[in-house]
Amino acid sequence: MPLSHHHPVDSSAVLDWYDLHARDLPWRVSPGDRRAGISPDPYRVWLSEVMLQQTTVAAVKAYFLRFTGLWPTVFDLAAAPLDAVLREWAGLGYYARARNLHACAQAVVKEHGGVFPQSSAGLQALPGIGAYTSAAIAAICFDEPIAVLDGNLDRVLARFYAVPVPVREVKDDLRAALQASVPKRAGDFAQAMMDLGATICAPRNASCLICPLQPGCIAAREGTPLLYPVKPAKAEKPVRRGHAYVMRDAAGDVYLQTRPAKGLLASMTEVPTSPWVAEPAEPDFPLTAEWRRCGSIVHVFTHFRLELDVWSAVVAPEGLEHGWWAEPATLGREALPTLFRKVLAEAGLS
DNA sequence: AATGCGGGGAC
DNA sequence: GTCCCAGCATT
């Protein structure tokens with residue numbers, strides 16, 4: 001029983017609600033300005049959408065303002081060194097996004113004269129732009145009438161249609177149902193639905209009494225919105241353990257190096273560590289020195305939990321080939337993921 | 001269709 | 001502690 005055969009979303013009610021209650025966001029053109037003919041800057045919309053992939057609005061705001069201050073146009077970003085982009089991205093997570101962001105900016109400049117493609121299909125051919133992001137940019141910037149389906153919409157539609165199975169099993173049906181609901185103001189509709197999902201139809205709180213979609217919502221009628229979306233069984237998160245080695249020279253500088261170009265935290269900055277393994281193992285110090293155990297830190301990744309013992313020592317700077325020595329005062333400008341900022345903090349730095 | 005890939009805000 | 005967030009690339 002395809003959901004596309006069900007009733008569409010009442011886009012007029014959603015847009016009326018959005019005209020009154022749209023969130024004020026740094027990358028957004030308000031519905032009033034949009035009606036007055038002001039269009040969003042595709043560069044800023046693209047940058048915000050990439051940052052917002054699996055990342056909350058609250059976490060993105062400061063990064064967005066920092067990036068647009070440093071690089072106001074796609075030309076500026078394309079001309080920036082990749083390592084500068086990685087430094088600024090440090091702490092935001094999913095670092096492949098930063099590499100794809102830089103590659104995308106260069107592709108837009110070199111292959112499109114600095115002008116973003118104006119269709120979702122054209123946008124999706126660019127690095128780091130997938131089904132969601134291409135649709136979002138095309139709708140928001142160019143009012144392309146396309147379904148913009150993100151995690152918020154998965155939840156809103158799962159409730160609206162009372163979908164009894166995990167969303168991934170009916171994704172195409174949800175997209176078709178949403179596609180049939182897209183009005184002329186496609187960009188405002190997309191943003192309205194996401195605002196609604198972020199405020200009224202939230203994961204752990206559904207304010208059905210003030211929801212513009214309430215009249216057609218099956219879960220609201222049943223009084224059971226929080227039963228949806230149905231969650232697939234989640235796998236247990238394994239633990240890995242290891243040791244981190246904070247080396248300082250006689251001047252107090254810290255030894256840093258670059259992680260491999262592929263895999264977890266690719267190309268980011270780190271301090272040396274042991275392998276991360278399931279069973280506890282003795283430290284394999286990179287140099288002979290008087291090592292002192294500072295403590296331990298815990299960091300949770302998407303697919304495992306990491307526990308590192310943190311060691312520090314003053315060493316003679318010899319036999320270390322790949323890295324560099326950084327003054328503690330400059331650590332804030334290194335491309336250090338949060339994991340290694342925790343390690344350095346445990347060693348009394350930063 | 002599954003999996004790898006971060007970090008933090010909100011509860 | 002748990003949940004999940006304006007997902008994408010790869011296999």
Side-chain angles (χ1 to χ4, degrees), chain A residues 22-23 25-28 40 44-64 86 89-101 103-104 123-141 146-156 158 166-172 178 187 189-199 201-205 226 229 231-238 240 259-268 270 297-306 335-342:
Chain A
R23 286 182 291 177
L25 302 172
W27 47 85
R28 172 174 288 177
R44 292 168 60 86
V45 172
W46 161 72
L47 177 60
S48 72
E49 291 297 347
V50 173
M51 288 183 166
L52 286 162
Q53 289 165 4
Q54 292 292 287
T55 309
T56 57
V57 166
V60 162
K61 278 183 178 172
Y63 283 86
F64 178 82
L86 291 177
W89 199 276
L92 198 53
Y94 285 147
Y95 298 97
R97 292 187 294 174
R99 288 187 296 282
N100 284 330
L101 186 84
C104 183
L123 288 161
Q124 197 167 345
L126 292 165
I129 299 184
Y132 162 75
T133 305
S134 60
I137 298 171
I140 293 170
C141 296
I146 186 170
V148 180
L149 196 51
D150 74 332
N152 282 312
L153 272 288
D154 284 349
R155 178 177 58 258
V156 173
V167 166
R168 65 162 185 264
E169 297 180 22
V170 293
K171 192 89 171 179
D172 291 342
L178 183 61
F189 177 66
Q191 295 176 92
M193 290 295 288
M194 291 189 279
D195 275 20
L196 194 151
T199 57
C201 198
R204 279 182 276 203
N205 183 26
L226 298 186
K231 300 284 182 290
K234 59 169 175 153
E236 195 105 344
K237 196 166 285 197
R240 295 185 199 172
R259 291 179 59 78
K262 290 184 179 295
L264 187 70
L265 306 176
S267 303
M268 299 298 286
E270 67 173 2
I297 62 100
V298 173
H299 193 73
V300 181
F301 292 100
T302 305
H303 49 299
F304 65 95
R305 167 190 173 94
L306 179 63
L336 285 161
T338 298
L339 163 63
F340 294 105
R341 295 196 182 278
K342 289 182 184 176

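In what follows, every heavy atom counts, from backbone to side chain, and hydrogens, waters and symmetry copies are set aside. Here is how names work: the chains are called A, B, and so on, in the same order as the sequence lines, proteins then strands, and each is numbered from 1.
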Let me know the distance between [atom1] of [X] and [atom2] of [N], rounded to the nearest Å.
| X | N | atom1 | atom2 | answer |
| --- | --- | --- | --- | --- |
| A/D154 | C/dG7 | CG | P | 9 Å |
| A/L196 | C/dA6 | CG | P | 13 Å |
| A/L153 | C/dC5 | CG | P | 11 Å |
| A/R99 | C/dA9 | CZ | P | 12 Å |
| A/Y63 | C/dA6 | OH | C1' | 18 Å |
| A/N152 | C/dG7 | CG | C1' | 12 Å |
| A/L123 | C/dA6 | CG | C1' | 15 Å |
| A/R259 | B/dC5 | CZ | C1' | 12 Å |

Subject >> Given DNA chain C, 5'-ward residue of the pair A/M194 and A/Q124, judged by closest heavy atom >> reply: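 Closest to the 5' end, via its nearest nucleotide, is A/M194.
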**OP:** By nearest nucleotide on DNA chain C, pick out whichever of A/R305 and A/L25 is the more 5' one.
**Re:**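 Counting from the 5' end, the first nearest nucleotide belongs to A/R305.
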**OP:** For A/R305, check side-chain hydrogen bond (donor to acceptor under 3.5 Å, both in side chains) against everything at least two apart and list the hits.
**Re:**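 By the side-chain hydrogen bond (donor to acceptor under 3.5 Å, both in side chains) rule, A/R305 matches A/E307.
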Would you tabulate the nitrogen or oxygen pairs shorter than 3.5 Å linking the protein to nucleotides 7-11 of chain B?
| residue | atom | partner | partner atom | Å |
| --- | --- | --- | --- | --- |
| B/dG7 | OP1 | A/Y95 | OH | 2.7 |
| B/dG7 | OP1 | A/T338 | N | 2.9 |
| B/dG7 | OP2 | A/H299 | NE2 | 2.5 |
| B/dG7 | O3' | A/G91 | O | 3.3 |
| B/dG7 | O3' | A/T338 | OG1 | 3.2 |
| B/dA10 | N3 | A/R204 | NH2 | 3.2 |

Looking at every strand, decide which applies to [X] at a 4.0 Å heavy-atom threshold: base, sugar-phosphate, or nothing.
| X | value |
| --- | --- |
| A/R155 | sugar-phosphate |
| A/A131 | sugar-phosphate |
| A/G263 | sugar-phosphate |
| A/T133 | sugar-phosphate |
| A/W46 | nothing |

Original post:
So, does A/S48 use its side chain to make a donor-acceptor pair with the main chain of A/V45 at under 3.5 Å?
Top reply: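 Yes, the answer is positive, given that a donor and an acceptor are paired below the 3.5 Å cut-off.
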Original post:
Is the shortest heavy-atom distance from the side chain of A/F340 to the side chain of A/R259 under 4.5 Å?
Top reply: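 Yes, close enough: below the 4.5 Å cut-off.
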Original post:
Do A/L264 and A/F304 have side chains that get closer than 4.5 Å, going by heavy atoms?
Top reply: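 In short, these two side chains touch, coming nearer than 4.5 Å.
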Given the [atom1] atoms of [N] and [M], what is the spacing between them in whole Å?
| N | M | atom1 | value |
| --- | --- | --- | --- |
| C/dC4 | B/dC5 | C1' | 15 Å |
| B/dC11 | C/dA6 | P | 13 Å |
| B/dG6 | C/dC3 | C1' | 15 Å |

Subject >> Closest heavy-atom pair and its distance - A/A59, A/L92 >> reply: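 Reported closest heavy-atom pair: O-CD1, 4.0 Å.
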**OP:** Looking only at non-hydrogen atoms, find the nearest pair between A/M51 and A/V60 and report the distance.
**Re:**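 A/M51 and A/V60 have their closest heavy atoms at O-CG2, 3.3 Å.
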**OP:** Ignoring backbone atoms, test whether A/H303 places a side-chain nitrogen or oxygen under 4.0 Å from the OP1 or OP2 oxygen of B/dG4.
**Re:**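 For B/dG4, OP1/OP2 do not have a side-chain N/O of A/H303 under 4.0 Å.
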Original post:
For C/dT2, does OP1 or OP2 lie under 4.0 Å from any side-chain N or O of A/K234?
Top reply: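 For C/dT2, neither OP1 nor OP2 has a side-chain N or O of A/K234 closer than 4.0 Å.
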**OP:** Apply salt bridge (Lys or Arg N to Asp or Glu O under 4.0 Å) to A/R28 and list each qualifying residue two or more places apart in sequence or on a separate chain.
**Re:**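 Scan of A/R28 (salt bridge (Lys or Arg N to Asp or Glu O under 4.0 Å), adjacent residues dropped) gives A/D195.
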Original post:
Can a donor-acceptor pair under 3.5 Å be found between the side-chain atoms of A/R23 and the base atoms of C/dA6?
Top reply: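 Answer yes: a donor N or O sits under 3.5 Å from an acceptor.
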Original post:
Which nucleotide, C/dA6, B/dA2, B/dC5, lies nearest any side-chain atom of A/R168?
Top reply: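 Per side-chain heavy atoms of A/R168, the pick is B/dA2.
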Original post:
To the nearest 0.5 Å, what is the distance between CG (A/N205) and OG1 (A/T199)?
Top reply: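 Here the interatomic distance stands at 10.0 Å.
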